[in-house]
Amino acid sequence: MGTYVQEPALRCPVCKAQVAVKLQNEVVIHNAILNAILKVDPPTGRVTAKCPRCKAWVRVPLRYVG
């Protein structure tokens, strides 16, 4: 049995709220509050955003390189 890897989402898997929008050369993170809440996993650089509606963490199609 293979390992399931969650693909980066544009919608929250819990409440289906739109969390991110992919444009031609950028990704826009939506949040009801002025500042989006992001979390970065240091070893991999994967980014998750907090859903403004249900507060679940959602992987978004961004990678932190720093």
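Keep in mind that what you see is a predicted model, and the values were worked out from it rather than measured.
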Please lay out, stage by stage, how Arg59 and Val47 fare under the test side-chain contact (heavy atoms from CB on, under 4.5 Å).
-> CA-CA 6 Å; Arg59 251 185 78 200; Val47 178; over 6 Å; no
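Residues that satisfy the side-chain contact (heavy atoms from CB on, under 4.5 Å) test with Lys39, not counting sequence neighbours, are Thr48, Trp57.
With contacts defined as side-chain heavy-atom distances shorter than 4.5 Å, the pair Pro61/Lys22 qualifies. Residues Gln18 and Leu10 fail the side-chain proximity criterion, which asks for heavy atoms closer than 4.5 Å. Using a 4.5 Å cut-off on side-chain heavy atoms (C-beta onward), Cys51 and Val14 make no contact.
Annotation: the span from Lys55 atom NZ to Cys15 atom SG amounts to 9.5 Å, rounded to 0.5 Å.
With Tyr64 as the partner, the side-chain contact (heavy atoms from CB on, under 4.5 Å) test is satisfied by one option alone out of Val40, Thr44, Asp41: Val40.
Contact record, Val19 with Ala49: CG1-CB, 4.0 Å, taken as the closest heavy-atom pair.
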